[in-house]
Visitor: 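Handing you a structure now.
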Amino acid sequence: MVGTKTKSKTGQIIAHAILMLGTISVVFPFVWMILTSFKPLSEIYEFSVFPKHWTLDNFKFLLERTYFVRWFGNSVILAVIVTISELFFNSLIAYALAKMKFPGRNLIFILILSTLMVPTEMLVIPWYKLASQFGWIDTYWGIIFPGLMSGFGVFLLRQFMLGIPNDLIDAARIDGMSEFGIFWRVVLPQVKNALSALAVLVFLGNWNAYLWPVIAINSDKLRTLPVGISLFSAADDGQQWTLIMAASTLAVIPVIIVFFIFQRRIIEGISITGMK
């Protein structure tokens, strides 16, 4: 018994040590990024974690001499509009596929699922041709339209809605409630956990979006944060690491806030997706 307890305690110590090393390896780059954002350019290549001379010049330069505030606002607009759109339209499609009977319903669902197998890189050319034909290049709508609906959101919400008893919906129909009223007042409250998880995942995904915005936008004022920050790596006087670190520090604040508020929803969304 004593030997078993000793082995168990040793195993726990080793496990905690491994977890601690893993935590340090994950957290240290963020700490280094934040501390580097307070360094002057002369200290950027020195092997020191903490700044010798603390300065706010990097943040002052970002806010006063670049379009950082505009980029920040553009990312907020993109993430919020796409998130709201996906929640509404995906839930409508999911409701129709889960609770309404019509010919070809399963075929439509299979076709929607098949879109998940297509890499985003293969869709860029069709998106660009469509945006060019309608004059959407270098506009807010040009950044937003590819993300208004997604096959993943339809799949996730449909799987949840299948678990709602049909008797509940039939009772609402007997009471004279309209189909949209059933969707809005009966079905959506039953899948609010799935909606919350999807909202967090969609928001974070669009906040970090880079590939399509860098292709669809040409003017500096319409760039999103990831695209704007990348410009500091291609400056004429070389990579401006202090500005990159300062911009990344400010850009990651909303992500951290969203994570700490909705971290249970994020984990739940990932785990539920696997189960469904």
Visitor: Got a sec, which pairs hit side-chain hydrogen bond (donor to acceptor under 3.5 Å, both in side chains) with one end in residues 98-116, sequence neighbours left out?
Guide: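 Qualifying pairs, neighbours excluded: K99-N166.
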Visitor: Under 4.5 Å between side-chain heavy atoms, counting indirect links through other Ile/Leu/Val/Met/Phe/Trp/Tyr residues: same cluster for V186 and F180 or not?
Guide: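 Yes, one cluster joins them.
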Visitor: What distance do I253 atom CD1 and S248 atom OG have between them, rounded to the nearest 0.5 Å?
Guide: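 One finds 11.5 Å between CD1 of I253 and OG of S248.
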Visitor: Pairs in or reaching into residues 20-36: which pass side-chain hydrogen bond (donor to acceptor under 3.5 Å, both in side chains), with residues at least two apart or in two chains?
Guide: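 Every pair satisfying side-chain hydrogen bond (donor to acceptor under 3.5 Å, both in side chains) with a residue in residues 20-36: there are none.
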Visitor: List in chain and number order the residues that pass side chain to side chain contact (heavy atoms under 4.5 Å, CB included) with I24, two or more places apart in sequence or in another chain; answer none if no residue qualifies.
Guide: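 Expected list: M20.
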Visitor: Which side-chain N or O atoms in residues 206-229 pair as donor and acceptor under 3.5 Å with protein atoms at least two apart or in another chain?
Guide:
from	atom 1	to	atom 2	distance (Å)
N206	ND2	V202	O	2.8
W207	NE1	A251	O	3.1
N208	ND2	L204	O	3.1
W212	NE1	G142	O	2.7
S219	OG	D138	OD1	3.1
S219	OG	D138	OD2	3.4
D220	OD1	R223	NE	3.1
R223	NH2	N218	O	2.9

Visitor: If you group Ile, Leu, Val, Met, Phe, Trp and Tyr whenever their side-chain heavy atoms sit less than 4.5 Å apart, what else falls in with L111?
Guide: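 Grouped by the 4.5 Å side-chain rule, L107 form the rest of the cluster around L111.
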Visitor: State whether the number of non-hydrogen atoms from other residues, nucleotides or ligands found under 6.0 Å of W136 atom CH2 is greater than 12.
Guide: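 Enclosed: over 12 neighbouring heavy atoms sit under 6.0 Å from CH2 of W136.
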Visitor: Tell me, do T66 and F232 make a side-chain contact under 4.5 Å, heavy atoms counted?
Guide: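 Side-chain contact under 4.5 Å: yes.
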Visitor: Just verifying a value: how many Å separate I169 CD1 and Q190 CD, rounded to the nearest 0.5 Å?
Guide: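 The CD atom of Q190 is 9.0 Å from CD1 of I169, to the nearest 0.5 Å.
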Visitor: What residues, two or more places apart in sequence or in another chain, satisfy salt bridge (Lys or Arg N to Asp or Glu O under 4.0 Å) together with R173?
Guide: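 By the salt bridge (Lys or Arg N to Asp or Glu O under 4.0 Å) rule, R173 matches D170, E179.
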Visitor: Tell me if a side-chain donor or acceptor on T83 pairs with a main-chain N or O of A79 at a distance below 3.5 Å.
Guide: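 Between the backbone of A79 and the side chain of T83 there is a qualifying donor-acceptor contact (under 3.5 Å).
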Visitor: Would a 4.5 Å heavy-atom cut-off, applied to side chains only, mark S91 and V191 as touching?
Guide: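 No; the side chains remain at least 4.5 Å from each other.
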Visitor: Is F102 reachable from F183 through a run of I, L, V, M, F, W or Y residues, each pair having side-chain heavy atoms under 4.5 Å apart?
Guide: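 Hydrophobic grouping puts F183 with F102.
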Visitor: Kindly compute the distance separating CG (L188) from CD1 (I182), expressed to the nearest 0.5 Å.
Guide: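 Taking CG in L188 and CD1 in I182, the distance rounds to 12.0 Å.
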Visitor: What are the two closest heavy atoms between L157 and A94, and how far apart are they?
Guide: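 What the structure gives for the nearest pair is CB-CB, 3.7 Å.
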Visitor: Rounded to the nearest 0.5 Å, how far does OG1 of T55 lie from CG of L41?
Guide: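 With rounding to 0.5 Å, CG (L41) is 11.0 Å from OG1 (T55).
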Visitor: Hey, does L148 have a side-chain heavy atom less than 4.5 Å from the side chain of F88?
Guide: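 The answer is no; the side chains never approach within 4.5 Å.
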Visitor: Say you draw a straight line from CE of M33 to OG1 of T249; how long is it, rounded to the nearest 0.5 Å?
Guide: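 Spacing of CE (M33) from OG1 (T249) equals 4.0 Å.
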Visitor: Give the intermediate values and the outcome of side-chain contact (heavy atoms from CB on, under 4.5 Å) for residues F72 and L250.
Guide: CA-CA 9 Å; F72 194 97; L250 295 177; 5.5 Å; no
Visitor: Check the hydrophobic clustering (I, L, V, M, F, W, Y; side-chain heavy atoms under 4.5 Å; chains of links allowed) and say if V27 and I256 are grouped together.
Guide: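 Yes, it is one cluster - the side chains of V27 and I256 are joined through contacts under 4.5 Å.
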Visitor: List for me each residue that meets side chain to side chain contact (heavy atoms under 4.5 Å, CB included) alongside I93, sequence neighbours excluded, and say none if there are none.
Guide: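 Per chain and number, I93 pairs via side chain to side chain contact (heavy atoms under 4.5 Å, CB included) with L97, I112, M149, V154.
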Visitor: With sequence neighbours excluded, what pairs up with K52 under the side chain to side chain contact (heavy atoms under 4.5 Å, CB included) test?
Guide: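 Scan of K52 (side chain to side chain contact (heavy atoms under 4.5 Å, CB included), adjacent residues dropped) gives E43, E46.
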Visitor: Given the rule in the side-chain contact (heavy atoms from CB on, under 4.5 Å) test, do H53 and S42 qualify, once you have shown the distances and angles that lead to the verdict?
Guide: CA-CA 10 Å; H53 303 90; S42 58; over 6 Å; no
Visitor: Can F160 and L156 be said to form a side-chain contact (heavy atoms from CB on, under 4.5 Å), step by step?
Guide: CA-CA 7 Å; F160 268 86; L156 178 64; 4.0 Å; yes
Visitor: Parallel, tilted or perpendicular: which fits the ring planes of W71 and Y67, with parallel below 30° and perpendicular above 60°?
Guide: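 Geometry flag for Y67 against W71: tilted rings.
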Visitor: Work out which heavy atom in A247 is nearest to a heavy atom in L62; give both atom names and the distance.
Guide: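 Scanning both residues, the minimum pair turns out to be N-CD1, 3.3 Å.
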Visitor: Between side-chain atoms of residues 118-134 and protein atoms elsewhere (two or more places apart, or another chain), which donor-acceptor pairs fall under 3.5 Å?
Guide:
from	atom 1	to	atom 2	distance (Å)
S132	OG	Y128	O	2.8

Visitor: Do V255 and I257 belong together in a cluster built from hydrophobic side chains that touch within less than 4.5 Å?
Guide: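 Yes, because V255 and I257 connect within a single hydrophobic cluster, where side-chain heavy atoms sit under 4.5 Å apart.
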Visitor: Listed by chain and number, what are the side chain to side chain donor-acceptor pair (under 3.5 Å) partners of S178, not counting sequence neighbours?
Guide: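 Checked S178 against side chain to side chain donor-acceptor pair (under 3.5 Å); zero matches.
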Visitor: Could you check if a side-chain atom of I84 sits within less than 4.5 angstrom of a side-chain atom of L87, using non-hydrogen atoms only?
Guide: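 No. Closest side-chain heavy atoms not under 4.5 Å.
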Visitor: State which residues pass side chain to side chain contact (heavy atoms under 4.5 Å, CB included) with L35; sequence neighbours excluded, sorted by chain then number.
Guide: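 Side chain to side chain contact (heavy atoms under 4.5 Å, CB included) check on L35 returns V31, V49, F50, P51, W54.
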Visitor: Rounded to the nearest 0.5 Å, what separation is found between the OG atom of S37 and the CD1 atom of I244?
Guide: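 Answer rounded to 0.5 Å: 12.5 Å.
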Visitor: Using the benzene-type ring in the case of Trp, are the ring centres of F152 and F155 under 6.0 Å apart?
Guide: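 They do not qualify: ring centres at least 6.0 Å apart.
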Visitor: Honestly curious: do M161 and I110 fall in one hydrophobic cluster under the side-chain, below-4.5 Å linking rule?
Guide: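 M161 does not cluster with I110.
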Visitor: The test is side-chain contact (heavy atoms from CB on, under 4.5 Å); show your working for F38 and N58 and say whether it passes.
Guide: CA-CA 7 Å; F38 292 98; N58 300 319; over 6 Å; no
Visitor: Filter on salt bridge (charged side-chain N to carboxylate O under 4.0 Å, His left out), then keep only pairs touching residues 60-88, sequence neighbours left out; what's left?
Guide: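 Residue pairs with at least one partner in residues 60-88: there are none.
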Visitor: For atom OH of Y140, decide whether the heavy atoms of other residues, nucleotides or ligands shown that lie under 6.0 angstrom number more than 12.
Guide: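 Result for OH/Y140: enclosed.
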Visitor: Heavy-atom distance under 4.5 Å between the side chains of N90 and S150, does that happen here?
Guide: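 Contact flag for N90/S150 side chains = yes.
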